[in-house]
Amino acid sequence: MNSIEVRHLSKSYGKVNALNDVSFEVERGELFGLIGPDGAGKTTLFRLLTTLLNPDAGTAVVEGLDIVSDYRLIRERVGYMPGRFSLYPDLTVEENLRFFAALFGSRVEESYDLIAPVYRQIEPFRHRRAGKLSGGMKQKLALSCALIHRPSVLFLDEPTTGVDAVSRSEFWDMLTQLKSKGITMLVSTPYMDEASRCDRVALCNEGSLLDVDTPSGLVARFGAPLFAVAADNMYLLLQESRRIREVVACYPFGEAHHLIAGAGFSPERFAAALRDKGVTGLSIRPAVPAIEDMFIKLMGR
């Protein structure tokens with residue numbers, strides 16, 4: 001059974017089309033990722049599904065409830081962690097937690113077993129004001145507050161933006177623990193490397209979904225020769241590679257550039273053409289595609 005079903009959902013702000021005919025579903029207990037850059041429509045979609053906005057067109061149901069007509073019931077059943085820290089900075093950690101529990105007619109003690117794996121890490125600082133916490137601690141407090149009423153669906157809008165790499169990894173470990181408790185999670189992120197932590201992902205850009213599949217399924221369908229190229233002058237290499245007809249795309253990727261080859265591409269002819277343009281120290285080798293490569297390929301399409 002699906003926990004979330006979205007059908008042809010659209011939303012505009014004036015002349016800006018933030019979401020364009022989006023359709024997908026999330027299975028109950030699934031950890032589903034929305035992967036895309038700023039402006040892809042992720043936050044607008046979250047605000048629609050959490051009943052903070054009404055759509056211009058299309059429908060969506062969360063836990064079998066319509067996002068327009070059943071908005072009150074949905075708000076009782078979902079947890080929402082927005083992209084920006086939105087708790088009360090002048091309240092302490094403990095006061096914030098008790099306040100959000102009271103909003104849902106609950107008490108911290110009733111849900112402590114659920115939030116414990118997260119909250120125990122910041123509990124020693126429970127008397128510290130929320131505004132004085134580090135980025136990683138704010139993240140854990142916000143997650144604890146989103147879980148305090150035992151939601152069946154959890155919406156996390158770019159929860160790891162602005163925190164260090166260690167905190168990012170710890171946060172995804174916590175989400176894995178929550179998934180084992182049967183909570184459905186919809187997580188958005190601009191970080192392509194986080195896609196591998198999801199059961200399935202939707203690649204999105206400019207208000208549209210480019211593709212939906214498991215991370216391994218997306219990579220398996222890459223379907224084009226991919227090479228890692230490097231040279232003494234990486235910028236010159238990038239410029240000249242993009243001018244070659246048989247090159248579909250060339251873009252920075254770590255210490256090398258990734259090159260998607262089209263029909264008729266020959267590494268030997270490619271190397272010769274670049275040498276004629278003054279590129280020195282050239283190396284070219286086959287590369288294994290990643291989610292980011294698939295995203296760039298779909299954007300080109």
Side-chain angles (χ1 to χ4, degrees), residues 1-5 26-32 34 43 45-54 60-123 125-131 133 136-160 170-188:
M1 181 179 177
N2 293 327
S3 185
I4 301 171
E5 294 184 354
V26 180
E27 297 176 5
R28 191 177 300 280
E30 187 174 27
L31 175 50
F32 190 96
L34 288 171
T43 297
L45 178 59
F46 273 50
R47 289 175 177 170
L48 289 168
L49 294 178
T50 54
T51 75
L52 300 178
L53 292 174
N54 286 334
V61 295
V62 177
E63 294 290 82
L65 302 169
D66 183 84
I67 61 171
V68 177
S69 60
D70 300 320
Y71 70 95
R72 291 183 184 275
L73 293 173
I74 288 176
R75 291 177 183 180
E76 294 174 1
R77 302 187 186 190
V78 305
Y80 179 38
M81 182 175 165
R84 291 186 177 182
F85 184 70
S86 57
L87 304 183
Y88 293 95
D90 291 334
L91 295 183
T92 66
V93 168
E94 186 175 52
E95 288 169 342
N96 266 288
L97 200 59
R98 294 194 179 280
F99 173 76
F100 278 90
L103 285 179
F104 290 96
S106 180
R107 296 185 305 116
V108 173
E109 292 75 17
E110 294 174 5
S111 298
Y112 188 83
D113 62 311
L114 178 63
I115 68 169
V118 182
Y119 185 60
R120 280 198 192 109
Q121 301 179 44
I122 57 172
E123 196 167 17
F125 310 96
R126 62 186 179 275
H127 298 306
R128 181 178 297 181
R129 289 187 179 183
L133 299 175
M137 292 171 69
K138 286 179 178 178
Q139 178 194 61
K140 293 178 178 68
L141 176 57
L143 180 57
S144 296
C145 290
L147 290 168
I148 198 61
H149 61 295
R150 292 186 173 273
S152 56
V153 183
L154 187 59
F155 294 90
L156 303 161
D157 190 8
E158 298 193 1
T160 59
E170 288 179 348
F171 189 84
W172 279 94
D173 290 340
M174 289 186 287
L175 295 189
T176 301
Q177 292 182 43
L178 290 173
K179 181 179 178 299
S180 67
K181 298 181 182 296
I183 299 176
T184 303
M185 284 175 279
L186 188 61
V187 187
S188 72

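Quick note: residue numbers are just sequence positions, from 1. Every heavy atom of this structure was used, including side-chain atoms; hydrogens, water molecules and symmetry mates were not.
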>> Run the side-chain contact (heavy atoms from CB on, under 4.5 Å) test on R120 and Y112 for me, step by step, so that the C-alpha distance in whole Å, both residues' side-chain angles and the decisive distance to 0.1 Å come before the verdict.
In response: CA-CA 10 Å; R120 280 198 192 109; Y112 188 83; 3.7 Å; yes

> Stepwise, does the side-chain contact (heavy atoms from CB on, under 4.5 Å) test hold for Y119 with V108?
Replying inline: CA-CA 11 Å; Y119 185 60; V108 173; 5.5 Å; no

> Would V26 and L186 count as a side-chain contact (heavy atoms from CB on, under 4.5 Å) if you check the C-alpha gap in whole Å, the side-chain angles of each, and the deciding distance to 0.1 Å?
Replying inline: CA-CA 8 Å; V26 180; L186 188 61; 4.2 Å; yes

> Given the rule in the side-chain contact (heavy atoms from CB on, under 4.5 Å) test, do W172 and T160 qualify, once you have shown the distances and angles that lead to the verdict?
Replying inline: CA-CA 9 Å; W172 279 94; T160 59; 3.8 Å; yes

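How far CE of M185 is from CD of E30: 10.5 Å, rounded to the nearest 0.5 Å. F104 CZ to I148 CD1: the interatomic distance, rounded to the nearest 0.5 Å, is 10.5 Å. Here M174 contributes atom CE and Q121 contributes atom CD; the two are 5.5 Å apart, rounded to the nearest 0.5 Å. To the nearest 0.5 angstrom, L48 atom CG is 5.5 Å from L53 atom CG. Rounding to the nearest 0.5 Å places CG of L156 at 11.0 Å from CG of L34. A distance of 11.0 Å separates CG in L31 from CD1 in I183, rounded to the nearest 0.5 Å.
Side-chain atoms of S106 never come within 3.5 Å of backbone atoms of A101 as a donor-acceptor pair (strictly under, hydrogens ignored). In this structure a side-chain-to-backbone donor-acceptor pair under 3.5 Å is missing from N2 to E5. The backbone N or O of P159 sits less than 3.5 Å from a side-chain atom of Q139, completing a donor-acceptor pair.
For the salt bridge (Lys or Arg N to Asp or Glu O under 4.0 Å) test, residues two or more places apart in sequence or in another chain that qualify with R150 are D113.
Residue pairs meeting the side chain to side chain donor-acceptor pair (under 3.5 Å) criterion with at least one partner in residues 77-105, sequence neighbours excluded, are T92-E95, R98-E109.
Using a 4.5 Å heavy-atom threshold, the side chains of I4 and F155 count as touching. Residues L178 and L147 form a side-chain contact, since some pair of their non-hydrogen atoms from C-beta on lies under 4.5 Å apart. Side-chain contact between D66 and I74 is absent, with no heavy-atom pair separated by less than 4.5 Å. The shortest side-chain heavy-atom distance between L133 and I122 does not fall under the 4.5 Å cut-off. Counting heavy atoms from C-beta on, the side chains of V61 and D70 never come closer than 4.5 Å.
At most 12 heavy atoms of other shown residues, nucleotides or ligands fall within 6.0 angstrom of atom OH in Y71. The neighbour count for R75 CZ, taken as heavy atoms of other residues, nucleotides or ligands under 6.0 Å away, is above 12.
In summary, the side chains of S3 and E27 do not present any donor paired with an acceptor at a separation below 3.5 Å, with no hydrogens or angles considered.
For the residue pair L154 and A146, the shortest heavy atom distance occurs at CD1-CB, 3.9 Å. Of all heavy-atom pairs between A130 and K138, the closest is O-CE, 3.5 Å.
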